[in-house]
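For reference, the structure is listed below as structure tokens.
If you read the sequence from its start, that first residue is 1, and numbering goes on from there.
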Amino acid sequence: MTEEVRQKRNGPPKHSETVELSDFRHQIQKAREEFPQLWESSRKYIAPEQYQEILPWLIEGIRYHAGESSWVQPVIEALLAFRKPQSSGQQCLHQQILKNLSGLPSSKAIRALIVWRFSQQARHNKSQTGELSPARLVELLQQSSNPYDLLFHVLTPSLLDIGAGDLTFEQELGGYYLGKRSPEQPGLILHAFDRLTPGSKVGGVYHRNRDRERALKSVSPKELLFRFWGDMGLEECSREKGMLSRYTMVTCHAPANPTFAYEPSRLTSDMIDRHLRRTRGDYHFGRFQGEHVLEVSHRGQILTFPDWKFEILGPLRLLEFICKNGAVGVLSAVDDEVFWEILSQLLADERYRPVNQILTLEIRRKVFGDLYERLQGLGSGDCIDLSTVAKLRTGLFHAPKGDCEGGESVRLAYVEIRRGAVLTGIPSSFTARQFGQMQEEAEPWWIILVPEFEVEKDEKL
């Protein structure tokens, strides 16, 4: 049955609503502004073969969001006629309809509609992930050894990857999702960013791999909608218009050390600096092929890094970002230093956060005690529900709610600890695959967490 026949027989979808033409025109314009990369790539979708493939999806979206509006049917007729032989009179009429809709010539008008359709798909994500309670998310995570199976249980699955590097994880996750996805299941929105500046001479193999990026972008957007941002840190990401307001999952593979290995709220900057110089070597800022860089003296060599390499954000900032932006957080291939510093922020007892004490091996054993021995006893692939061995922290951070009294406090509904770098059958990153060759590194960790927001009341009279 063709899309045209199906529409005539069944009518518009039940959830359609009346939308004024001016409102719809504004939606189209806003989508182009918020998704400039999609606008640039939308040219390929108006090629004859690809246009015929995407047309039913585009029409379905218009009918779903505005099916009762009087302007909808003429627009659909114009879309159906595009790329088909028609008289000059009909062609002029359809061109004018599309121009009235978007203010653009026919081809650009259709491209703008396609971008709008993608934007609507993305915006639905927040409400759809919100339908799954933290308790239900925990239940789903416990049902499968692969945390990414959760993506098959939401209407609009989405994932944001922090520090994407060479896009190995993105490629593996895309292949995994597409390999298991049934035709009835929704496409995956996959976003990724990295602080490395594209084209920089430092960063080496950790820069995005353009072949992987092209492969991800070549997949039909109905199955996988991929976007990458370079030269972007956590703060810049929070202001990026093209990001979703909330993702099903937020991931970070091999969280950067020392960026997330020391918590500024319990360690002075001088103490961190002295520790870095003692353990990493003296360092200073310099220039390399015209770029500002950080030069570190290590074992008789001068190592060159991006100039922000030793900027310390701390684990609490990373956890805050993950909790605010994702229904579920996954940190994989976490090295020892970063792991124990993050763990100290996840536990309720203040003794796990000693003031001005670097969590060296000796201090870890003293501070974490029996918990240290319990976790160190985990073998590769083993996992444990952290709440079964220690009390989880409440009030992890506070999010004020505008001008309203009170705000929101984040507690941890669930924290799972796993041991290992690359776990069987689970998509992983390039860095995770390097741990086997790092003789100085201990077996890394995974942290899987589910945040839960609680409304706080202002106790002031």
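Below 30°, between 30° and 60°, or above 60°: for F368 and W340 the angle between ring planes is between 30° and 60°, a tilted geometry. Below 30°, between 30° and 60°, or above 60°: for W445 and F339 the angle between ring planes is below 30°, a parallel geometry. Ring orientation note: the planes of F24 and W71 are tilted relative to one another, at an angle of 30° to 60°. Using cut-offs of 30° and 60° on the angle between ring planes, the pair Y206 and F430 is perpendicular.
When atom types are taken as modelled, the side chain of S158 and the backbone of T248 share a donor-acceptor pair closer than 3.5 angstrom. When atom types are taken as modelled, the side chain of R353 and the backbone of A348 share a donor-acceptor pair closer than 3.5 angstrom. Judged by distance alone, the side chain of E20 and the main-chain N or O of S22 form no donor-acceptor pair under 3.5 Å. The main-chain N or O of V202 is found under 3.5 Å from a side-chain atom of H207 such that the two form a donor-acceptor pair. Judged purely by atom type and a 3.5 angstrom limit, D349 has no side-chain atom pairing as donor or acceptor with the backbone of Y352. Side-chain N or O atoms of E341 include none that pairs as donor or acceptor with a backbone N or O of L359 at under 3.5 Å. One N or O on the side chain of N146 and one on the backbone of G425 form a donor-acceptor pair closer than 3.5 Å. In this structure, the side chain of E452 does not engage the main chain of R411 through any donor-acceptor pair within 3.5 Å. Judged by distance alone, with hydrogens and angles left aside, the side-chain atoms of R365 form no donor-acceptor pair with the main-chain N or O of Y372 at under 3.5 Å. The backbone N or O of A112 sits nowhere less than 3.5 Å from a side-chain atom of R32 that would complete a donor-acceptor pair.
Side-chain contact of D161 with Y247: a donor-acceptor pair under 3.5 Å is absent, judged by distance alone. There is a side-chain donor-acceptor pair under 3.5 Å between S200 and E291. A donor and an acceptor atom, one from each side chain of T268 and D270, are nowhere located under 3.5 Å apart.
Applying the 6.0 Å contact sphere to CG of N356 captures more than 12 heavy atoms from other residues, nucleotides or ligands. Heavy-atom contacts from other residues, nucleotides or ligands closer than 6.0 Å to CD of Q143 number more than 12. The environment of CZ in R374 is sparse: at most 12 heavy-atom neighbours from other residues, nucleotides or ligands sit within 6.0 Å. At most 12 heavy atoms of other shown residues, nucleotides or ligands fall within 6.0 angstrom of atom CZ in R210.
Salt-bridge annotation for K324 and E320: present, with a side-chain N of the basic residue lying under 4.0 Å from a carboxylate O of the acidic one. Residues E350 and R266 are not paired through a salt bridge, judged by the lack of any N-O separation under 4.0 Å between the basic side chain and the carboxylate. Using a cut-off of 4.0 Å between Lys/Arg side-chain N and Asp/Glu carboxylate O, R136 and E139 are scored as salt-bridged. Using a 4.0 Å cut-off between a side-chain N of Lys or Arg and a carboxylate O of Asp or Glu, R317 and E311 do not qualify as a salt bridge.
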* To do: Verify side-chain contact (heavy atoms from CB on, under 4.5 Å) between I417 and V389, making sure each step is shown before the conclusion.
  => CA-CA 11 Å; I417 304 298; V389 292; over 6 Å; no
* **Working for side-chain contact (heavy atoms from CB on, under 4.5 Å), residues L319 and V410** => CA-CA 10 Å; L319 292 170; V410 173; over 6 Å; no
* **Working for side-chain contact (heavy atoms from CB on, under 4.5 Å), residues R25 and L21** => CA-CA 6 Å; R25 186 184 294 119; L21 182 60; 3.7 Å; yes
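In this structure, CG in L371 is found 6.5 Å from CG in L386, a value given to the nearest 0.5 Å.
Among all heavy-atom pairs drawn from Q345 and P315, the shortest one is CG-CG, 4.0 Å. Minimum heavy-atom separation, H253 to S332: ND1-OG, 2.7 Å. When every heavy atom of R351 is checked against every heavy atom of V367, the shortest pair comes out as NH1-O, 2.8 Å.
When the options Y148, F226, F152 are evaluated for a ring pair (Phe, Tyr, Trp, His ring centres under 6.0 Å) with Y177, the one that passes is F152.
Here the side chains of P147 and L141 are in contact, with some heavy-atom distance below 4.5 Å. In this structure, the side chains of D231 and E236 stay at 4.5 Å or more apart for every pair of heavy atoms. Inter-residue side-chain proximity for Q50 and K44 is flagged as met; some heavy-atom pair is nearer than 4.5 Å. Contact of the P264 side chain with the S269 side chain is not registered, since no non-hydrogen atoms from C-beta on lie closer than 4.5 Å. Residues Q142 and Y414 have side chains in contact (heavy-atom distance under 4.5 Å, counting atoms from C-beta outward).
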